[in-house]
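Notes for the one structure printed next.
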Amino acid sequence: MTKAPEHFDVIVLGSGVAGLSVAVRLAGSRGGLSVCVVTKGALAESATAWAQGGVAAVLGGDEDSTDLHLADTLAAGAGLCDVDAVRVLVDEGPLCVQELIALGAEFDRESSGRLSLAREGGHSRARVVHAGGAATGHEVERALVEATKTSASAIYEHTFALDLLVHDNTCVGVSVLVDGEVKELRSTATVLATGGAGQVFAVTTNPKEATGDGLAMALRAHVAVADIEFMQFHPTALHHPAMPRPLLSEALRGHGAILRDATGSQFVDELAPRDVVSRAMAAKMAEEHSEHLWLDATGLEEFSRRFPTLASSLHAIGLDPAKDWIPIAPAAHHLAGGVITDLDGATSLSGLFAAGEVACSGVHGANRLASNSLLEGMVFGARVADAILHGETDAKPTGVMVALLDPDHAELRATTVDVAPSTRPSDLHGDGGLDVAALRSTLQRAMTAGAGVVRSEASLHQAMDVIGEIEVTLKAHGTLSAATVELCNLLTVARGLLVAAVARTESRGNHARQEFVEQDPTWRRRQLLIERGA
Ligand code: SIN
């Protein structure tokens with residue numbers, strides 16, 4: 001049954017740092033806009049709350065500069081960052097952090113009162129602000145949730161977004177599933193801030209909600225996405241049956257923790273960017289035929305005082321980081337690509353904006369620099385809000401959008417890849433009797449085996465075959481529910497990732513191909529994926 005639509009000026013899908021940054025800024029403006037935040041869980045449940053290390057921003061330290069932060073971000077991005085977008089990120093980041101502090105977020109400080117700054121992989125300076133040692137995301141989310149509760153016009157929790165509503169080539173809202181019923185929420189502007197898609201993989205640091213919902217909705221609405229072959233694998237997830245895998249923050253390596261192989265030898269520069277470290281780990285594990293390596297944090301002073309949340313989760317499983325080496329292995333962590341946007345978060349669909357991990361703003365290129373993701377959410381969330389306040393609806397040829405709106409631009413060449421139509425929620429009227437959890441787990445295992453840290457054409461095709469089989473079963477037996485739509489979304493994102501990964505016959509950033517181990521300069525371009533009409 002379809003209920004009568006409600007209308008808001010702005011609908012924000014997602015309640016992480018990007019979405020709530022949009023909502024708080026809009027609601028706090030003098031525009032008097034009605035803003036509705038829609039989220040499939042509780043308001044405070046988002047991957048943001050899980051973020052550990054911190055927020056990279058040049059806030060202090062005479063030696064640091066935004067030019068250095070820019071250079072580090074470009075180097076980590078392996079030739080695919082959009083320089084204009086990174087310039088925006090590093091220049092506007094410090095003010096966003098100050099605004100968050102003004103909103104009530106409390107970051108760790110030295111005894112002098114100055115913000116305490118950590119160093120992480122790929123950063124040439126210590127510039128990462130953090131809270132509770134490695135509980136930064138929790139504090140950022142807390143501050144934004146409190147501000148949202150007092151300012152948003154409506155907050156719809158436990159409301160599952162199904163598909164974008166498109167009329168006359170314009171996004172006019174979203175259909176949602178609430179209490180088993182489909183409802184339409186109409187809006188003048190719709191913001192995708194639904195986060196990442198780590199749950200496409202069996203071994204991930206992402207919460208179970210990270211199922212690529214916004215990305216899949218965008219693909220189904222024929223909105224252009226890019227760079228989704230670049231799933232980042234975080235080097236130091238705890239090797240433990242728990243899923244999602246508990247993360248051991250990169251801040252530990254920043255403070256001197258060492259990676260060791262089975263013989264106890266160091267084998268990689270711990271402060272290299274994540275793609276470099278994860279690839280070295282994959283090679284070492286293949287050589288040793290081992291499932292994990294070791295993180296040695298025994299030399300860190302005051303581990304428990306500096307990182308209380310990590311210390312208590314390690315103690316809970318019988319590990320004492322002051323004495324024990326910690327078993328670790330890479331796990332899917334962050335998607336560098338997503339829905340392509342201009343510098344104000346506008347997408348290729350009029351009325352639709354995107355910010356945060358669901359977006360491809362171009363700041364990460366082929367590999368994200370540590371602690372640039374909360375930052376991206378804050379900076380581009382604020383820019384989306386400002387664009388909406390200025391009445392903007394359509395993308396301009398800025399940032400990554402140059403690749404779509406100005407294809408002749410020399411430095412931002414892109415290849416457009418057609419993707420076959422995917423299963424959509426409206427296709428789900430099968431005969432029931434589907435074990436959705438088992439299918440989800442089959443999909444995740446196929447992706448970890450076939451599209452992990454190192455991929456080959458054969459492994460990618462094997463994963464594609466499994467996905468094809470799951471799609472057939474889903475279409476035959478699936479009925480409409482949040483669980484089946486999440487499975488649709490995972491399949492859609494997985495298929496796009498595989499298509500892009502097969503086509504990219506080189507190794508660059510987060511994408512490592514067994515047969516093409518070098519970077520190929522002719523591949524210094526993004527792949528724009530656009531789903532064909534059904
Ligand atoms: C970490 O603390 O290592 C994770 C933070 C990030 O993904 O940048």
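In this chain, residues are counted from 1 in sequence order. Note that ligands are numbered from 1 as they come in the structure, with each ligand's atoms numbered from 1 the same way.
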Residues which pass side chain to side chain donor-acceptor pair (under 3.5 Å) with His130, listed by chain and number, not counting sequence neighbours: Asp108, Ser116
Looking at Glu106, I'd like to know if its CD atom is crowded, meaning that more than 12 non-hydrogen atoms belonging to other residues, nucleotides or ligands lie closer than 6.0 Å. no
NE2 of His138: more than 12 outside heavy atoms within 6.0 angstrom? no
How far apart are the closest heavy atoms of Asp227 and Cys360, and which atoms are they? OD2-SG, 3.5 Å
Evaluate the ring planes of Phe307 and His255, with Trp represented by its six-membered ring, and classify them as parallel (under 30°), tilted (30 to 60°) or perpendicular (over 60°). perpendicular
Is it the case that ligand 1 has an N or O less than 3.5 angstrom from some N or O of [X]?
X	result
His333	yes
Arg368	yes
Gly53	yes
Ser373	no
Asn372	no

Part of [X] with heavy atoms under 4.0 Å of ligand 1, whether side chain, backbone, both or neither:
X	result
Arg274	side chain
Leu247	side chain
His334	neither

Exactly one of Arg508, Arg455, Arg504 should register a salt bridge (charged side-chain N to carboxylate O under 4.0 Å, His left out) with Glu229. Which one does? Arg504
Tell me whether Ala370 reaches ligand 1 (any heavy atom closer than 4.0 angstrom to a ligand atom). yes
Consider ligand 1: state whether an atom of it lies below 4.0 angstrom from any non-hydrogen atom of Ser371. yes
Atoms of ligand 1 close to [X] [distance to a heavy atom under 4.0 angstrom, numbered from 1]:
X	answer
Glu250	1 (C), 2 (O), 3 (O)
His234	1 (C), 3 (O), 4 (C)
Ser249	1 (C), 2 (O), 3 (O)

Counting N and O atoms only, with roles assigned by atom type, does the side chain of Gln52 sit under 3.5 Å from a partner on the main chain of Leu247, one being a donor and the other an acceptor? yes
For the pair Glu287 and Lys284, find out whether any cationic side-chain nitrogen is under 4.0 Å from an anionic carboxylate oxygen. yes
In chain order, what residues pass the side chain to side chain contact (heavy atoms under 4.5 Å, CB included) check against Trp294, with sequence neighbours excluded? Arg260, His292, Trp325, Pro327
